[in-house]
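Data first, discussion second: the structure below is written as structure tokens.
By convention here, the first residue in the shown sequence is residue 1. The analysis underlying the following values was restricted to heavy atoms, covering all of them including side chains, and did not include hydrogens, waters or symmetry mates.
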Amino acid sequence: MAYESFWEFLQALERAGELIRLSTPAATELEITELADRQMKSPGGGKALLIEKPTVNGQISPFPVAINTMGSWKRMALALGADSVEAVAAELGSLLKAKPPMSVREAIKLLSTALDLRHTKPRLVKTGPCQEVAHKFDPPPPRVEPWPPAPPISNPKSEISNPPSTLRTPHSPLPILKCWPLDAGRFITLPCVVTKDPDTGERNVGMYRMQIYDDRTTGIHWQLQKVAARHGRRYYEKGQRMPVAVFLGGDPVFTFAATAPLPDGLDEFLLAGYLRKRSVELVRCLTCDLEVPANADFVIEGYVDPTEPLRDEGPFGDHTGYYTLPEPYPVFHITAITHRKDAVYPATIVGIPPMEDFYIGGASVKLFLPIFQMNFPEIVDIALPAEGVFHNLVFVSIRKTYPMQAYKIMHGLWGMGQMMFTKYIIVVDDDVDVHNTSEVLFRLCANTDPQRDSIFTKGPSDVLDHATSQLGIGTKLGIDATRKLPGEGFQRPWPPLIKMDEAVKARLAKFLMP
């Protein structure tokens, strides 16, 4: 199912009993965070909130704020236009496993699958609702500072300050949140950032938070290992201004696709088109050579100037549960802001888990599990517990058939995209439910000898990880919690797990309380 607007998605949430409207004014400074955090910490992720009268510096914004809209499995499924996330994953898995047809019947079935793919390619349209209201700004004069700029240096400062800031168009204040007390100001937290490779023209849509510096500039927090950062490095090497477009809202599939761990060079709008079973309609930006979804709610156009020094971004209360301290990042200069007449401002917050991002990240794992299984057929399931704040902790179950197979899986996963950030991988047998943390911890404690069954290695780390000794560099720990085989140095008999006889269980089931 494709949503024609973010508002249409909110209506679907309301019909499903998944949305709470709040008509009382709530401040974008901290208050909306507190309201949303209470919902996110509720069983099952609580409800989505529609703040109808958000205030910016005490003034009511004309744009309502929607938050926690994908913060449960039910809302995540609704965002994907499906009955469940598992159903979407199964459909994608069947597509990946498609084989050359061996009969007419198989050929017809494969043709049906191929026809579904006609929706994946985005198409350009002349105009769209995202440009119903437009504000263009005169760009500042070109800088004449020496080239090349000084290389970025990690900021040694640890002091946290929180100067007030906001982003305003001439007529429409955007209800951008200041999420946590020690944040450096207001942050756009669900921005879909569009960039292109200057050499190949390949597009990327990523999600990188944006700190508001003033009414024309923001920070743009694309981390070292992200695709947009790679694009940026090429513009810096060329000494050319880098066009950047940011959109918010529209079909919620766009937001999900921007967070999905797609391979570098694969357009996120292809994934969005496949999931919504309708091509993504794109419009050209008014002031830069990029395209954005025609049905987005807000579009912020601009550029990054490679001749300009980097600027401190942060602190920011991050998904790690701690504040990310200030570090230098590129400055994004705004040349235009456009929006729908009936725009709704989408937002999220991150912090101590569980939060909304647990469900968004979990949906990515479910959808891309078939890809992992294509590379590693022995994998049964993968889980990222909420306590691991995305990729810090990964549980994986396997069908183990030979010695040291668990270590093969550890090294393989560490080499796959954003899994390189995983600090801890625990491998268990196929009879373990990796989504049951208690069950995994039981096997971890019961099936391991710490020295024999652990491995340390080095690799890239998340730049948001405050615990590493150096920015972006850290160590990883893998633990083999599977049954041990003789070839793994285990010469004793492995005891069976205690289980009741099935016949006895069935015979006594009628005596058990429901």
Can you check whether S84 reaches W73 side chain to side chain, under 4.5 Å on heavy atoms? no

Does CG in D83 sit with more than 12 non-hydrogen atoms of other residues, nucleotides or ligands closer than 6.0 Å? no

Carboxylate-amine/guanidinium proximity below 4.0 Å for K47 and E18: yes

Do L367 and V85 touch side chain to side chain, with heavy atoms closer than 4.5 Å? yes

Start with the C-alpha gap between D183 and R209, add the side-chain angles, then the distance that decides, and say whether salt bridge (charged side-chain N to carboxylate O under 4.0 Å, His left out) holds. CA-CA 12 Å; D183 282 356; R209 72 178 190 238; over 6 Å; no

Where does the angle between the aromatic ring planes of F9 and F6 fall among parallel (under 30°), tilted (30 to 60°) and perpendicular (over 60°)? tilted

As a quick check of understanding, evaluate side chain to side chain donor-acceptor pair (under 3.5 Å) for H435 and D381, giving each step before the final call. CA-CA 9 Å; H435 301 282; D381 204 355; 3.0 Å; yes

The test is ring pair (Phe, Tyr, Trp, His ring centres under 6.0 Å); show your working for F316 and Y323 and say whether it passes. CA-CA 5 Å; F316 174 71; Y323 285 91; 8.4 Å; no

Could you check whether any side-chain heavy atom of L270 comes within less than 4.5 Å of a side-chain heavy atom of P122, counting everything from C-beta outward? yes

In plain terms, say whether D342 and R340 are close enough for a salt bridge, that is, a side-chain N and a carboxylate O under 4.0 Å apart. yes

Using the rule given for salt bridge (charged side-chain N to carboxylate O under 4.0 Å, His left out), can you reason through K423 versus D465, listing the C-alpha separation, both sets of side-chain angles and the distance that settles it, and then say yes or no? CA-CA 10 Å; K423 290 203 284 189; D465 187 349; 3.1 Å; yes

Please determine whether a side-chain nitrogen of the Lys or Arg among E268 and R203 lies less than 4.0 Å from a carboxylate oxygen of the Asp or Glu. no

Residues pairing under salt bridge (charged side-chain N to carboxylate O under 4.0 Å, His left out) where one sits in residues 279-288, two or more places apart or in two chains, turn out to be R123-E281, R284-D289, R284-E291

Report the C-alpha distance between T28 and R186 in whole Å, list the side-chain angles of each, state the deciding distance to 0.1 Å, and finish with yes or no for side chain to side chain donor-acceptor pair (under 3.5 Å). CA-CA 9 Å; T28 54; R186 299 179 185 273; 2.8 Å; yes

Side-chain contact test, heavy atoms from C-beta onward, threshold under 4.5 Å: evaluate it for F298 versus T338 and give yes or no. no

Close side-chain approach of W414 to I425, heavy-atom, < 4.5 Å: yes

Any chance you could lay out the ring pair (Phe, Tyr, Trp, His ring centres under 6.0 Å) test for Y208 and H221, step after step, and finish with the verdict? CA-CA 5 Å; Y208 317 107; H221 192 274; 8.6 Å; no

Pairwise distance OG(S364) to CD(Q418) - rounded to 0.5 angstrom: 8.5 Å

Does T287 form a side chain to side chain donor-acceptor pair (under 3.5 Å) with E301? I'd like the steps, not just the answer. CA-CA 7 Å; T287 60; E301 304 176 12; 2.6 Å; yes

Which is it for R216 and H333 under the side-chain contact (heavy atoms from CB on, under 4.5 Å) test, yes or no, and what are the steps along the way? CA-CA 6 Å; R216 295 294 181 273; H333 293 269; over 6 Å; no

Looking at T468 and L471, would you say the former's side chain and the latter's main chain have a donor-acceptor pair under 3.5 Å? no

Do V344 and V65 have side chains that get closer than 4.5 Å, going by heavy atoms? no

Could you note down all residue pairs passing side-chain hydrogen bond (donor to acceptor under 3.5 Å, both in side chains) where residues 245-263 supplies at least one of them, sequence neighbours left out? D251-R276

Let's go through K178 and E31 carefully: what are the C-alpha distance in whole Å and the side-chain angles of both, what is the deciding distance for salt bridge (charged side-chain N to carboxylate O under 4.0 Å, His left out) to 0.1 Å, and is it a yes or a no? CA-CA 9 Å; K178 179 180 177 181; E31 289 187 356; over 6 Å; no

CD1 of I352: more than 12 outside heavy atoms within 6.0 angstrom? no

Any side-chain heavy atom of P191 sitting closer than 4.5 Å to one from F247? no

Does the ring pair (Phe, Tyr, Trp, His ring centres under 6.0 Å) test come out yes or no for Y345 and F63, once each step is laid out? CA-CA 6 Å; Y345 180 79; F63 304 112; 8.5 Å; no

Determine, for K196 against D267, whether the closest basic-nitrogen to carboxylate-oxygen distance falls under 4.0 angstrom. no

What I'd like to find out is whether the side chain of T324 reaches to under 4.5 Å of the side chain of V463, using heavy atoms alone. no

Around K136, counting heavy atoms of other residues, nucleotides and ligands shown, do more than 12 lie under 6.0 Å from its NZ? no

Please determine if K366 forms a cation-pi arrangement with F368, meaning its NZ or CZ atom is less than 6.0 Å from the six-membered ring centre and no more than 45° off the ring axis. no

Under 4.0 Å between a side-chain nitrogen and a carboxylate oxygen: does that hold for E327 and R311? no

Testing I188, L174, D297 for side-chain contact (heavy atoms from CB on, under 4.5 Å) with L248, which one passes? I188

For Y322, does the OH atom have more than 12 heavy-atom neighbours from other residues, nucleotides or ligands under 6.0 Å away? no

Of D37, N68, I349, which is the lone residue that meets side-chain contact (heavy atoms from CB on, under 4.5 Å) with E356? N68

